[in-house]
Amino acid sequence: FDNLYNIILMIILIEVIGGIIIDTFAMLRGELTERTHDMQNICYICGLDREHLDRDKDGFIGHIKKDHHLWNYLFYVSYLKQKPETE
């Protein structure tokens, strides 16, 4: 009976560890899905969503490309970090 007890205990422990691993990957997949949704549907700079911005004539893509081009903000932040504080 000792061997049977050890085998059943090992099976239960393996199942618990497997469940933890599966839950962790499911949580990571959910975070990735949420992050991807935010990148595709929310303006990074102003936080407005696609539904609100699509009412304009340029739409969401036009807003992202013209009004809030991400690289322009990156260059601006880089400029602010490099310029002397006295300016």
Side-chain angles (χ1 to χ4, degrees):
F1 287 110
D2 288 338
N3 288 337
L4 182 62
Y5 173 76
N6 288 335
I7 291 172
I8 291 175
L9 184 65
M10 291 303 288
I11 290 174
I12 291 172
L13 287 175
I14 289 172
E15 293 295 326
V16 167
I17 291 171
I20 291 171
I21 291 171
I22 290 171
D23 286 344
T24 302
F25 279 114
M27 182 182 65
L28 291 174
R29 188 180 328 114
E31 290 174 0
L32 177 65
T33 303
E34 182 180 338
R35 194 173 324 131
T36 303
H37 178 268
D38 286 349
M39 288 172 52
Q40 293 175 351
N41 294 312
I42 296 176
C43 176
Y44 181 75
I45 305 300
C46 66
L48 294 175
D49 62 346
R50 181 181 286 267
E51 293 176 13
H52 179 76
L53 294 172
D54 278 341
R55 295 179 191 148
D56 296 337
K57 69 174 189 169
D58 291 335
F60 180 74
I61 301 299
H63 177 78
I64 297 295
K65 298 288 182 189
K66 290 184 204 172
D67 297 338
H68 291 156
H69 192 64
L70 184 60
W71 286 105
N72 291 341
Y73 283 92
L74 181 67
F75 294 143
Y76 180 65
V77 169
S78 174
Y79 165 74
L80 290 177
K81 287 189 179 212
Q82 291 178 359
K83 79 175 192 85
E85 291 183 17
T86 58
E87 286 185 23

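Model, not experiment: these values are computed from the prediction. Counting from 1, the numbers follow the sequence of the chain as shown.
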K.L.:
Measuring from Asp2:CG to Ile7:CD1, what's the distance to the nearest 0.5 Å?
P.N.:
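One gets 11.0 Å once the value is rounded to the nearest 0.5 Å.
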K.L.:
What heavy-atom pair brings Gln40 and Arg50 nearest, and what distance separates the two atoms?
P.N.:
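Here Gln40 and Arg50 meet closest at O-NH2, 2.6 Å.
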K.L.:
Can you measure from CD1 (Ile12) to CE (Met10) and round to the nearest 0.5 angstrom?
P.N.:
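Separation between the atoms: 11.0 Å.
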K.L.:
Out of curiosity, Leu9 CG to Leu4 CG, how far, rounded to the nearest 0.5 Å?
P.N.:
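Going from the CG atom of Leu9 to the CG atom of Leu4 covers 11.0 Å.
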K.L.:
Could you tell me the separation between the CD1 atom of Ile11 and the CD atom of Glu15, rounded to the nearest 0.5 Å?
P.N.:
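Interatomic distance, Ile11 CD1 to Glu15 CD, rounded to 0.5 Å: 8.0 Å.
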K.L.:
Would Phe25 and Ile17 show up in the same hydrophobic cluster when neighbours are defined by side-chain heavy atoms closer than 4.5 Å?
P.N.:
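Hydrophobic grouping puts Phe25 with Ile17.
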K.L.:
What do you reckon, is CG of Asn3 surrounded by more than 12 foreign heavy atoms closer than 6.0 Å?
P.N.:
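Incorrect, the count does not exceed 12.
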K.L.:
If we only count heavy atoms from C-beta on, is the Asp58 to Lys66 side-chain gap below 4.5 Å?
P.N.:
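Heavy-atom side-chain distance check passes, below 4.5 Å.
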K.L.:
In Å and rounded to the nearest 0.5 Å, what is the NE2 to CG distance from His63 to Asp54?
P.N.:
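If I round to the nearest 0.5 Å, the distance is 11.0 Å.
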K.L.:
So, Ser78 side chain and Leu74 main chain: donor-acceptor pair closer than 3.5 Å or not?
P.N.:
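It does not hold such a pair.
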K.L.:
Crowded around Met39 CE? As in, over 12 foreign heavy atoms under 6.0 Å?
P.N.:
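12 or below, so no.
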K.L.:
For Ile61, what are the other residues in its hydrophobic cluster, where any two members join if their side-chain heavy atoms are less than 4.5 angstrom apart?
P.N.:
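The other cluster members (ILVMFWY side chains, heavy atoms under 4.5 Å, direct or chained) are Leu48, Leu53, Phe60, Ile64.
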K.L.:
Hey, is NE2 on His37 packed in by over 12 heavy atoms from elsewhere, all under 6.0 Å?
P.N.:
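Counting neighbours around NE2 of His37, 12 or fewer heavy atoms of other residues, nucleotides or ligands fall under 6.0 Å, so no.
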K.L.:
As a test of understanding, state which of Arg35, Glu34, Arg29 forms a side chain to side chain contact (heavy atoms under 4.5 Å, CB included) with Glu31.
P.N.:
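Going through Arg35, Glu34, Arg29 one by one, the side chain to side chain contact (heavy atoms under 4.5 Å, CB included) with Glu31 is satisfied by Arg35 alone.
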K.L.:
I want to check something: taking the side chain as every heavy atom from C-beta on, are Lys81 and Val77 in contact at a cut-off of under 4.5 Å?
P.N.:
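Touching, per the 4.5 Å side-chain cut-off.
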